[in-house]
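Take a look at the structure set out below.
Note that the structure is predicted; figures quoted are calculated from it, not measured.
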Amino acid sequence: MSKLRMLFLDTSLFRLMFILSMFFSMVMYVEKAAYVLSYVLLVWGVGLSIYAVVKRKAYAKLYLGIWLMAFLVSFAITVLVNINPNLQAVLYNALMLVHAGVCFFVFYGMHTEPGVPFRWELYLMVKIIVYLSTIFTLVGLILMLFTSGRFDNYMYYQGVFKGFYTNPNYQGYVSALSVIFCHMLTKPNFVAHSGQKRVSRIWLGSCVVLNCVALLLCDSNGSLLLLAAYAAILVLMKLFSMVEDLTPTKIITRLVSLVIVGIVIVIIMMFVRIICRVGVAAFFSESGLSSEQIKELTGDLFFVPKADSGFTSRWFLWDAGFTLFRQNPVFGIGKGNLYDGIIAVTGRENFNSQFEGFVQIAFTDLHNGYLTLLVTTGVIGTILFVVFLVRYIMMILPAWFVHRRIMGYSVYPCLIAYIGAYLVYAVIEKTVLFDITYLVMSFWLILGYTSCYAIDQGYNRRGNIYLFNLKFNKKLI
């Protein structure tokens with residue numbers, strides 16, 4: 001029994017298994033089995049969350065926990081005020097409440113665990129994902145290029161490379177994340193402190209090349225934006241690390257530099273992507289490409305507002321989202337009611353018609369993490385969550401700024417850059433919280449590791465603060 005208890009309380013094992021189940025839920029042929037496993041593992045995560053609250057009193061140790069606790073209370077009210085005859089929607093709202101608790105206590109809240117081996121765990125996670133994604137990408141590219149008929153339509157669907165993943169956007173996100181993780185694995189302090197062996201630079205270079213090729217072929221604008229934002233933020237951090245004293249002029253200059261660098265990187269990536277798209281299409285065409293086909297392939301450099309498919313269908317979703325928000329501005333409608341709400345305000349009954357039932361509810365999203373949060377939790381929940389994000393950034397930046405001159409060997413700047421890039425990525429993708437996917441869980445996982453690093457490198461808020469005659473620990477606020 002003691003061994004079973006230790007196994008049950010092994011949060012590192014849970015996080016590893018849950019992340020891997022989320023990863024394989026994006027992979028063809030095994031996605032259904034992986035989804036079932038994910039929901040089974042979620043029960044384990046709920047048990048760990050309850051244990052963290054009841055036994056370890058994690059709510060009193062959680063940095064910035066007061067905002068997350070208030071958010072859970074706010075969303076619980078959202079669930080209650082949106083009870084309706086649609087039992088599936090009600091159950092999904094309750095599931096999202098439970099899911100948020102797991103994200104807060106088991107993933108972000110790993111810093112409340114005594115002696116958590118976060119360096120070793122992060123290194124293991126990063127290495128496994130890099131290896132898996134690169135192998136899938138390599139085999140997918142080989143099958144696409146050197147087979148005929150049987151695999152072409154699977155690997156390269158309607159002019160877009162999606163490899164072994166069920167959606168080309170998944171291929172894009174995994175490829176972009178793998179490039180970022182490869183950069184992390186080049187940091188000597190990260191490898192040394194994790195107690196693991198250094199990964200070959202030749203292997204890492206090969207992984208970067210393969211995943212960049214897949215990223216360009218998969219046609220995922222959001223993933224390109226994620227990688228571009230990551231690079232731009234690293235450039236900005238480098239510029240800040242080269243000055244002794246910061247003045248308003250220096251801050252403005254470097255922020256402008258960030259915008260310029262980001263725009264340049266995105267434009268270059270988009271043109272390279274178009275070249276790759278046309279080249280691959282010509283390779284698979286038996287009679288060559290007509291001028292109309294070339295125009296179609298090169299016509300949407302980044303964003304076409306009036307289109308209603310793929311990346312550009314977001315205008316339709318965002319317009320429906322703002323309409324729903326105006327109808328329920330205080331506590332929102334809950335994630336489970338989003339599908340019915342979109343149909344009600346648009347009259348488009350065939351929306352998400354490729355799914356049905358509970359899956360249809362789960363896959364409905366506004367493709368903007370912040371707007372989805374606003375519509376589903378209302379003004380109160382959104383304000384609480386945004387305050388948490390702002391306070392979190394204020395928590396992790398000082399540790400980097402103090403040590404910025406010696407941070408070239410550390411993985412910490414990479415973690416910060418990823419978080420910033422993901423928050424940009426969330427503007428055009430279904431991310432942040434209310435979606436049980438690899439994208440969301442990887443974000444909360446990195447939030448947890450980064451908080452562990454920040455606390456380990458000296459961040460601390462000791463003492464108490466009094467508000468309305470109530471005493472709060474400073475770290476909770």
[X]: what forms a side-chain contact (heavy atoms from CB on, under 4.5 Å) with it, not counting sequence neighbours?
X	value
C182	V130, L204, C207, V208
I128	L16, L20, L124, L132
T382	L373, L374, T377, V386
Q88	N86, F358, I361

Any heavy-atom pair between the side chains of [Y] and [X] that's under 4.5 Å?
X	Y	value
K32	V36	no
F161	L216	no
L122	L415	yes
V46	V102	yes
V27	Y170	no
Y123	V411	no
L324	L366	no
I342	L338	yes

Quick check against the 3.5 Å criterion: does [X] have a side-chain atom that pairs as donor or acceptor with the backbone of [Y]?
X	Y	result
Y453	F118	no
N82	G332	yes
T186	H183	yes
T78	F331	yes
N93	G336	yes
K335	T364	yes
S74	A70	no

Can you give me the closest heavy-atom contact between [X] and [Y], atom names plus distance?
X	Y	value
N368	V427	ND2-O, 2.7 Å
G163	M28	O-CE, 3.5 Å
S442	Y418	OG-OH, 3.6 Å
S21	L41	OG-CD1, 3.7 Å
A89	N337	CB-OD1, 3.3 Å
Y29	E31	N-OE1, 2.9 Å

Would you please name every residue forming a ring pair (Phe, Tyr, Trp, His ring centres under 6.0 Å) with [X], sequence neighbours left out?
X	result
Y425	Y173, Y422
H111	Y63, Y108
Y39	none
W444	F104

For D319, enumerate each residue passing the side-chain hydrogen bond (donor to acceptor under 3.5 Å, both in side chains) test, keeping only those at least two apart in sequence or located in another chain.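 Applying side-chain hydrogen bond (donor to acceptor under 3.5 Å, both in side chains) to D319 gives none.
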S25: what forms a side-chain hydrogen bond (donor to acceptor under 3.5 Å, both in side chains) with it, not counting sequence neighbours?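 Counting only residues at least two positions away or on another chain, S25 forms no side-chain hydrogen bond (donor to acceptor under 3.5 Å, both in side chains).
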Give the intermediate values and the outcome of side chain to side chain contact (heavy atoms under 4.5 Å, CB included) for residues I396 and I419. CA-CA 10 Å; I396 63 176; I419 291 171; 4.2 Å; yes
How long is the straight-line distance from [atom2] of [Y] back to [atom1] of [X], given to the nearest 0.5 Å?
X	Y	atom1	atom2	answer
H99	M441	NE2	CE	5.0 Å
D365	T372	CG	OG1	3.5 Å
T376	N328	OG1	CG	11.0 Å
S220	L227	OG	CG	11.0 Å
M395	I393	CE	CD1	10.5 Å
L423	L226	CG	CG	10.5 Å

Hey, mind stepping through L97 and L72 against side chain to side chain contact (heavy atoms under 4.5 Å, CB included) and telling me if it holds? CA-CA 7 Å; L97 179 62; L72 289 177; 4.1 Å; yes
From CA spacing to verdict: ring-ring contact (aromatic ring centres under 6.0 Å, His included), F23, Y438: CA-CA 6 Å; F23 180 89; Y438 176 74; 5.7 Å; yes
When you look at L445 and I19, which way does the side chain to side chain contact (heavy atoms under 4.5 Å, CB included) test go after all the steps? CA-CA 9 Å; L445 189 68; I19 285 294; 3.9 Å; yes
For residues 430-437, dump all side-chain donor-acceptor pairs below 3.5 Å to protein atoms at least two apart in sequence or in another chain.
{"residue": "T431", "atom": "OG1", "partner": "E429", "partner atom": "O", "Å": "3.4"}

Who pairs with R15 by salt bridge (charged side-chain N to carboxylate O under 4.0 Å, His left out), at least two apart in sequence or on another chain?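 Partners of R15 by the salt bridge (charged side-chain N to carboxylate O under 4.0 Å, His left out) criterion, ordered by chain and then number, come out as E113, E121.
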Go through I383 and V387 one step at a time and tell me if the side chain to side chain contact (heavy atoms under 4.5 Å, CB included) criterion holds. CA-CA 6 Å; I383 289 175; V387 169; 4.2 Å; yes
Can you name the one residue among F75, Y392, F71 that meets ring-ring contact (aromatic ring centres under 6.0 Å, His included) with F385?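 When F75, Y392, F71 are each tested with F385, the ring-ring contact (aromatic ring centres under 6.0 Å, His included) holds only for F71.
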Is the F164 ring parallel, tilted or perpendicular to the F136 ring (thresholds 30°, 60°)?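 Tilted.
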